[in-house]
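First up is the structure itself, then whatever we jot down about it.
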Amino acid sequence: MTDSIATSQTILVVGGGISGMTAALEAAECGKQVMLIERNATLGGRTSLLYRYFPKMCHPTCGLEINLRRLKGNRNVRVMTMTQVVSVIGSRGDYTVTLKVAPRYVNDHCTGCGDCAKAVEAEIDNPYEYGLAKTKAAYLPHAMAYPQRYVIDASIINTPDGEKALAACKVGAVDLAMQEETIVVKVGTVVWATGWKPYDAAKIQPYGYDRYANVITSLEFERLADPKGPTGGKLLRPSDGREAKNIAFIQCAGSRDENHLRHCSRICCMASLKQTQYVREAYGDAGKSTVYYIDLRTIDRLEDFYVKVQKDTTVSFVKSKVAKIVEDKDANPVLHGVDTEGYHRYATAHDLVVLAVGMEPEANGIKLPDDMLLDSSGFIEGSRDEGMFGAGAATSPLDVNRSVQSATAAALRAIKVVYKTATVEG
Amino acid sequence: MAKKNYAFYPGCSSQKGASGSNFATSIGVMCDKLEIQLNEIPDWNCCGASIGYGEGGELPRLALNARNLALSAQHLPGQDMVSGCPACWLATRETAERLNEHSDLMAETNVALKEAGLTFKGGVKARHIVEVLIEDVGFAGMKAPVVKPLQGMKIAGYVGCQTNRPFGIAGESFENPLYLDKMIETVGAEAVSSFDQKVTCCGGALAFSEPEKSQKQIRDIVESAYDHGAEMIVTPCQLCQANVEIYQAEINKKHGTKLAMPVVYYSQLMSVAYGGTLKQAGLDGHLIQPNRLQEIAGK
Amino acid sequence: MSNQNQQAVARYQNNFLKEVEDRVEDGDWVKMCMQCGVCAGSCPLGDAWEHTPQKIFMMIRAGKREEVLKSDAMWMCTSCYNCIVRCPRKLPITHIMHGLANYAHRMNLAPQRQPTRVIAKIFWDNLVKTGRVNELKFSLAMYFKDGFSQGIKNAMAMQSAGLGLMKAKRLNPFEIFGGHKCKDSSGIKKMIAKAREIEDRKKGYTPL
Amino acid sequence: MADNKFAAYICSGCGIGDKLDVGTLEKIAKKEGKIQDVKTHPFLCSAEGVQLINDDIEKEGVTHVCIAACSRRAKTEAFHFPTAVMSRANLREGVLWVIAEGEAHDEVRQEMADDYVRMACAELKKMKLPDGNPNHGGNKRILVVGGGMSGMTSALEAAEAGYEVVIVEKQAQLGGWGAKLWKRVPFKAPYADPQNTGVAELVSLVSSHPRITVYLGSHLAETAGAPGRFNIKIAQESGAVSEEAVGAIVQATGFTSYDIAKLPELGGGKANVTDQAGLEALAQSANGAAIKRADGKEIKSVVFLQCAGQRDETGAHLPYCSGHCCATSIKQAMYFKDNNPDINTVVMYQDLRVPGMGEDFYRSAQNKGVTFTKGRATGVESTGATCTVNFRDLILDEDTSVSADLVVLATGQVPSAGVDLEAWNPVVMAADNGSEDAKQKKAEMQKISILNLNYRQGPDMPQFKYGFADSHFICFPYETRRTGIYAAGPVRRPMDMLQATEDATGAALKAIQAVENASLGRAAHPRSGDLSFPTARLEGCTQCKRCTVECPFGAIDEDERRFPKFNEERCRRCGTCMGACPVRVISFENYSVDTVGAQIKSVDMPDEFSEKPRILILACENDAYPALDMAGLSRTVYSAFVRIIPVRCLGSVNTIWITDALNAGYDGVMMMGCKKGDDYQCHFVKGSELAHYRMSKIGDTLSQLGLEPERVVTHEVAITDNARVAQYINDYVAQINEIGMSPMKGFV
C-alpha cells in the first residue's frame, strides 16, 4: 500500500535516538510534517542505555522525558517503531521510500499492564542490556520506552508461551498472527539519524575481550553502573561476581588505529573520565581507577571535568597504549605496556578492564541509497542531490551535545528542501 | 585424484644432516597421503634468515630471495613456491611483495640477478606448507588419511612468531591463532587450548648472541606447557623446534630445573597418524624423546 | 668521528630524521609514529631495550644521532613482528629496527663487540661463501667468536647438545669437509657483490 | 463561550476494577466532585472508550473532562481532547501499582484512590481552557548579529528556508574572523590539505540574496520587545539610526583571540613570536609564495606552541581548551611544508586534540614531515634574529631547547558576549539607589553591550561560563534564558569553523521556530506548544518586584507605573512568578494557586486518632513525577498516606500551598524537585534553587502554627530515582509517625 499521509512536504527521519528525535521535533515545532521511524521497539536509542552524561553527571532519561513530552504534545510527528528503510528512489524533493515494519505481535490496545510478561516463561537475552541480562520473551524494552507498549519476541510465536501471552492479555492487545508489513511513502527529504554502534571489541585481539571475562566494553560498564541495570548498579566482575574496585580504562580501543577505526571517536576520553567517577560513587576513596591513554581529548570547557578528575586521588593516568592483556590465575586481567612519558615498563593487574570502544557508524550495517556520500570511515556527509542529510553520530563521532546541534541543523536543511519544493510546486 | 604440484624451497635447516632434517623427512609421508607433490627448486640458496640484515643490508637480501623466486619461476613455472620454514617463507614472501610494490627495487634487484644469469619479473606466489594444508587440502582432507588417531595425547600447539606474524595464516588472529590446535585435533590428539605461550617468541634469532634472554623465553614456553598439562609441544617452525628442544638441557643445568618436554613438528604428528613408521616420521631425530608418539608409531 | 659520518652529518645539517629517511631501510616511516608506545610494550625482550622503538623514533626526530646509532637497543630485536602487527599507524617497526642496526653497523657506530652484530657478520659471511648456511661451521665460528679459549668453553658447554644432534643426524660432522653448497656459488657471490655495490652507491656508504 | 459542562470518566481496566470499589469512586465524583456526568468504562483508552468521551464533547457539549485511569504520562495519544479541559486522576501508576497487595491494604488503597478522584475533580473545576496569547507578535523576520562565518551561515540558511533576514555587522565589511584566514581546515574527506575558506563566496551569496538586508559598520543601539515583535534600533557609523522589526535574534558575535601580550613568559610581544592570527596575516601577504617574517627574513624553522595561555590552572590565563588550535597549527605547519618540505616545523603539544576525522589531518601532516613533539614549553627567548624555545621533552624526559626563526603561540578564543549580567545587576541596583559612580560604571559597562536589550534583567544574554553565552543543558544546546535569542558560533562555546557553521545552522532553525511559536502564542521548549500564559490582577499587586527579579527568562519588565509587565512571548510557562508572588495575583488559566489549592483542600482528612497521617507531595513534573511513575512501573511499594500533586516546576510552588496544607491538617509536606547548584538539572534554571530558598524561610510560619520544622522537607530527585523516591516517602512517613500527628486537624 502507498501511504497517503506522507507527501513531498513530509520530512522522513530515520532513527529514533536522541538525534532523530531532535531532528523530528525541531522540524515539527516549526510546523512541518515529519515521519520518524525507528528500527527498535522503542525510541531513545543508545543514550537511553547510558547511566549518566558527562560532564554534568545527569541522566539521559531526563532529556528523553522532555523530548517524549514534546512528541506526545505534537501532532506533526508520526512515529513508527520496528520499522526499517528498504529502499529510497527518486531525487531531492520527491523520494519514494519503501519501509519494512517488523511484527511486534502487540497492537495499540496494549496498556502496558504487564500481564503478558507475567504469563510467559521463556527468557531471551535482554537486547537493552547488551546481553548482560535476561528478560521475559514478552517485555517492555525499558521504563522510558515509547511507545509504552510490550513486545513479544518472535522466538515464542507458535509456542505454548505465545499462547500464554495471548490468553493473559485482557484487552486483546496480543496478536500472534501479526505479519511483516511493507509500506511505501512519498517524502520530500530524508534525514539519516542512524547513529553509531560500538566497535566490535573482540577484533582487538591483544586485549582478549573474547577470551577474558573481566575485560568488558565501556557500554557494558554503563549498564553495570546503572541501578536499573543487570547488577542493580553494583560494579561486579563477570567472572566471579566479586566487586571490582581496581578498574583500568583503556582508551582508543579500536579508535585511532589503522588496524581498526582510522578516526578518533571523540567521546571516549570524556566517557572514561566520567566512568572513573562511577567508581568513586561506588567506593569513595576505596576505589581505584587507572586511565591508559595516548592523548586526552577533553576539548573546550570539558577540560574542567578533566582537571576535576585529575585532582581525584583515586584516579591515575598512564600515557600508554596498552600492548596486551593476559589473565592471571585469579582471572585478573594483567596489563602490559610502557608508560612513554620517560619509559616506565609496567605489568599491572586490575580487577576489571573497561575498553573505551570506538564509535562506528551504525549505517555501516544499513543499506544506504547509492546517492549518499560517506567519508573514509563510513560517516554520512550528505547526498549527491543534496536532498538527504545525516544527523548526529551518523555524520561523525559526536557527543550528545554536538549530536543535538547537528540534528537541529539537519532539521533546517530538510526544511529548506521542502520549502523549495513547495515554492516550485506553486 | 591428481597430485597437486608445488615448487619446494626446503631451506638450509631442512638439508640432509641439518637441524631440521627430521622435518624434511616427516613431510614425506604427509605429502604422499595428501597428494601433495613438492618439486625442489634446483640450486636454491639461503634466504638470509632473521639476522641477515645486520651485515646483509637491504638489496643483497632482496637479491638472495629474488634468486630463489627466479629459479622457481624458471624451472617450475606456474607453481606456487612453498616453504616449510617460516623464516624462508617470510623472507621470500616479503621480497616478492616488496619487489612488486617498488619498481625501482625490482630494477636494481634484476641488475644484481643478472650477475647470476637470472631475471625475475614477479608473479610467483610464496606460500607456507601450512597454508597449503589449510587452504588447498582443508581440515577434512587432513583428517581423511588418519589410521592411527593419537588418542589421549595432550599436546600444546606452539605457533611461535614467524608462521604467525606479520603475515600469518589467512583468517587467523595474531594473538590467538587456532589452526594448529585444530590440526592437533584432526589427528585425534587433544589440544591444550589454554596454553598461553602459543605465540610467544622463543628468541631463536638471538639464541647464540643473547643466550640468557632467549633461554628465558624458552623456559616460559616449556613451563607453561607443563602447567597446562601438555605432554608434548608441537610447532610448525624449525627454529622454534630446534631452539626449544636443544636448550632445555642447558636451562636445566643453569637453573636446576627438570625440563624434558618433547618438541615435534605437526608434520610428524600427521605422518604417525597416517601410519608412517618411526623413521618416516623423523622421530629418531630428537634429543628429548617423544616416547608416546614413538610408541604409537611403533605399533 | 669517521669520515663517512662527518659526510653524513654535513650533508644533513644535523637533521638526523632526513638522514634516516634517506639511508635507513623503511626509515621514511619514522615520522608517522604517534608515540602511543604499543611497540615498546610488545617486544618479548622488552626490558633489555635501552631505548624502546617509539622512543628511538622520538630521539631520531630530536636529532640524537650518536645516542641512537651507538645504542645496542635495536640489536635486541628477535624479529617476532609483534610490534608490526599491533602498531596503530602500521609502521614496519621490525624492519626499521633491522635497518637502523644495519646502518649503525655500516657507519661503524654500533657497539664493537655487540654479540648479535658479530654473529650477524659471521652468519652472512658463512652464507655468502656457498650460498647456503653450513650449521656446523656456523656454530663453530659462533663458539670461537670470543677467542679460542672461550670457544672451547662454549663448545664444551654445548657438547651434549652437539653430540645429541649428531646422534640425531641433525648435525653432520663431515660438513667440516665441504658440506652443502650451491652449484652456482660463484654467481651468487657476484650477485651479492653487485647488490651491495648498488646499495652503497645509492645510500652513499663508503664500501666496506 | 458556552456554559461549562463537567464529565468524569473512570476506567476499571488494568485491574482498577478488581482492586478498587469503582462505585464509590463514581459517588465521590458526583457528590463531592460535583461532576454532572460520571461514567465508568472497562477499557477507557480503547477506541470505543475514547469515542464515548469525544461524543460527549461534541454532542453533549462537555467542556471539562476528568479522566480517572492511568498516569497523565500514559496513553496520551488516546486521551487527547484539544477542545476540552482535562484533569487526570492517577489510579494505576499512582495507586494500584505502588500500594501493597492484599486485603490488609484495601482500605487505605481505596482512600487514596478516593482522594485522587476528589483532587482531579477539584482541579478541573478551577481550570480554564487556555486560548493562547491574544496579542502575540507575528513578525517572522530574523535578526543576525555578526557577519562572520557563523552569522552569514545563519542568515543564508534562514533565507534559503524562506525567511527574511537582517544582518548587523560592526565592521565595514562582512567576513569576520574567517576573512582573516589564508586557508581553513578541511570539512570533508579527504582530510589532507588546507582548503580555501569560502568566505568570499559566502559574502557574495549573502550580499546578493533578495531576502537578506545587511547593515555594515553598525551596532544595535536598542533591542525592545519580545519574540515575534522585537523592535531594534541600528546605529550606523554615519550616526544615522534605522529601525527594524524582527521576530527572533541570532547572536553570532564570535571571539577575539587571547592577548599574546599577556604571555611574556612565552615570548609574547617579542620579535618573531606571533599568534595564529598573526601567522594567517603573514600567510595572506605571502599569498601562496614562501611565508616571510615580519622583518622580511625567510623562514627555515617554525615552532608552534599549543595551549599557549590555555588549559591554565594557575588562574592567570584561560582555564579551558579552545578545541580548534591543534588542527589550526597543523594547517599552518602545512602552509610551510606544502611550499617547501625542507622547512622545519615542530608542533609542541601536551595532548594533541584532533577528534573525529582530525586524525586523518594529523596523519597527513606527519606524512608531510611536520614534527610533533610532546613537550611543555618553559620559556621562549628571542634575540631578534632567532628564537629559542626551552621546553621539557615529556617523552625523552629531559629539559632541552629548540631554535626557530618564528614561534607561533596557539592562543585561545575569548568570546564577545557583551555585558556579564552577574556583574551588571549589582551595579544597576546601586545606580538605582542613586550612587553616582555606580551610574558611571553602568554607562561604562553598557558600552560593550551587544544587544542593548531594554529588559529589566539586563542588556545582554546571561553568560554561562568563562563569558560564553552557552546553554547549560546537554540535551538542549540551544536552550536559552532569553527566549527567541540564540547564540551561535564561538560566542557560545570555543569551536572550529566546521562546528561554527553547523552551530549557526541549528541556531537559525531555533530562531525560525521561535517566530513560528510566537505567531501562534505558543510556548517554546520545554513546555513547547503550551498555550497558557500568566496573567496578574495588578489591582492586588504590591510592586514587590519578586516576579520581575526571579523570572529565569527575563520575561517580566516594569511598566511606567512600576507594575510588572508580562511579555508572554518571552515566557516559558514555568510559573516561577506565580510561586514568587506573596499576594498570589499571578496565575495561568489551567495552572494557578487555586487549581493546586483546591486539590490540597479537597483531600478527605482523617482525624488525629485515625493513625492515618496525610502527607502532601508536590512533585516537579519534569523529573520527580516521572520517577514516581516509574516506581509504579517497577511495582515499588510505598505508603498509601501520601497524596501527590505534580507541579510545573518547584519554582512555581507558592508558600500558601504549604500553609494551606498544614492548616488543613496535613501531617507533612514533601517537595521533590530537580538537582540545584552548579550542575543544576532544573529545566527552568532556578526553580529548584528558589524553592529551597523559599522553604528555608518557612520556619517562621511553622513555629507560628506551633509545628515542628520536619513537617516540611525538600528533596532533590533525579528521573532515575524511582527506587529512591519510594524510600524517601516511606522514611518520611516513619519520621512523621515519630513526631506524631498534626495538631491542626479538625480546625478547618
Side-chain angles (χ1 to χ4, degrees), chain A residues 18 26 29-31 53 56-59 61-63 65-67 70 72-74 109 111-113 143 148 170-171 227-228 256 262-264 266 295-301 303-304 307 340-343 375-377 381 396-397 400-402 404-406 408-409 411-413 415-416 419 423, chain D residues 13-15 43 45-46 74 76 157 160-162 188-189 311 313 319-323 351-360 394-395 397 465-466 474-478 493-495 502-503 505-506 508-510 512-513 516 526 528-529 622-623 626 630 633-634 679 681 683 718-720 723:
Chain A
I18 189 158
E26 297 300 348
E29 287 179 9
C30 291
Y53 278 152
K56 276 175 68 182
M57 304 304 280
C58 54
H59 300 282
T61 39
C62 167
E65 169 72 11
I66 296 292
N67 282 333
R70 289 167 78 186
K72 292 169 182 173
N74 192 311
H109 287 41
T111 63
C113 72
Q148 205 178 67
K170 297 189 188 71
V171 295
K228 289 192 174 62
R256 300 184 67 182
R262 288 182 62 80
H263 59 271
C264 158
R266 180 192 283 268
D295 294 284
L296 269 159
R297 294 182 164 174
T298 53
I299 70 169
D300 62 49
R301 59 178 161 78
E303 180 73 8
D304 295 357
V307 170
T340 60
E341 283 194 359
Y343 187 3
D375 69 20
S376 58
S377 292
E381 288 182 339
S396 166
V400 171
N401 199 263
R402 286 176 173 81
V404 172
Q405 265 180 282
S406 157
T408 311
L412 180 49
R413 295 186 180 116
I415 287 173
K416 274 162 57 184
Y419 168 76
T423 46
Chain D
C14 289
F43 183 11
C45 61
S46 66
T76 49
E157 292 290 317
E160 291 284 297
K188 279 179 161 29
R311 300 179 64 185
E313 290 179 49
Y320 53 89
C321 152
S322 292
D351 294 282
L352 199 79
R353 295 182 167 176
V354 284
M357 292 301 154
E359 196 67 19
D360 270 348
L394 294 168
I395 297 296
D397 201 24
K465 208 168 186 190
Y466 309 134
I474 291 165
C475 309
F476 307 108
Y478 294 105
R493 193 169 182 169
M495 60 179 77
E502 196 77 355
D503 190 25
T505 309
L509 179 128
K510 295 304 287 189
I512 289 168
Q513 200 176 69
E516 293 298 338
S528 2
N622 297 308
D623 282 21
M630 283 186 273
L633 208 60
S634 55
D679 283 334
Q681 285 158 35
H683 294 268
I719 191 163
T720 50

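Proteins get letters first, then strands, A, B, ... in listed order; numbering begins at 1 in each.
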Highest number of heavy-atom pairs under 4.5 Å with chain A: which of [options]?
options                      : result
D:Ala161, D:Ala189, D:Pro526 : D:Ala161
D:Gly529, D:Ser322, D:Pro626 : D:Pro626
D:Glu516, D:Lys510, D:Met495 : D:Lys510
D:Ile512, D:Thr76, D:Asp397  : D:Thr76
D:Ala718, D:Gly323, D:Gly356 : D:Gly356
D:Pro494, D:Gly358, D:Cys45  : D:Pro494

Taking C-beta and beyond as the side chain, do [X] and [Y] meet within less than 4.5 Å on heavy atoms?
X        : Y        : answer
D:Leu509 : A:Cys30  : yes
A:Thr61  : D:Met630 : no
D:Asp623 : A:His59  : no
A:Cys264 : D:Val354 : no
D:Met357 : A:Ser396 : no
A:Glu303 : D:Arg353 : yes
A:Gln405 : D:Thr505 : no
A:Lys170 : D:Phe43  : no

For [X] versus [Y], what's the shortest heavy-atom pair and its separation?
X        : Y        : result
D:Glu157 : A:Leu412 : CB-CD2, 3.6 Å
D:Ile719 : A:Cys62  : CG2-N, 3.5 Å
A:Asn401 : D:Arg493 : OD1-NH1, 2.9 Å

Which of the residues [options] is involved in the greatest number of heavy-atom pairs with chain D at under 4.5 angstrom?
options                               : value
A:Asp295, A:Thr111, A:Asn74           : A:Asp295
A:Pro227, A:Cys113, A:Pro397          : A:Cys113
A:Ser376, A:Ala143, A:Gly31           : A:Ala143
A:His109, A:Arg70, A:Met57, A:Glu26   : A:Glu26
A:Gln148, A:His263, A:Glu29, A:Arg266 : A:Glu29

Might you work through the side chain to side chain contact (heavy atoms under 4.5 Å, CB included) test for A:Ile66 and D:Cys475, ending with a clear yes or no?
-> CA-CA 10 Å; A:Ile66 296 292; D:Cys475 309; over 6 Å; no
A:Val307 and D:Tyr320: side chain to side chain contact (heavy atoms under 4.5 Å, CB included), yes or no, with the steps?
-> CA-CA 10 Å; A:Val307 170; D:Tyr320 53 89; over 6 Å; no
Carboxylate-amine/guanidinium contact D:Glu160 A:Lys416, below 4.0 Å | no
Side chain A:Lys228, main chain D:Thr720, donor-acceptor under 3.5 Å = yes
Has the side chain of D:Asp351 got a donor or acceptor atom that lies under 3.5 Å from a matching backbone atom of A:Leu296?
-> yes
Check each atom of D:Leu352 against the heavy atoms of chain A and say whether the ones under 4.5 Å are side chain, backbone, both or neither.
-> both
D:Lys188 versus chain A, the contacting section by heavy-atom distance below 4.5 Å | both
Heavy-atom proximity to chain D below 4.5 Å, by part of A:Asp375 = both
Any chance you could measure A:Ile415, atom CD1, to D:Gln513, atom CD, to the nearest 0.5 Å?
-> 8.0 Å
How long is the gap from CZ on D:Phe476 to CG on A:Asn67, to the nearest 0.5 Å?
-> 4.0 Å
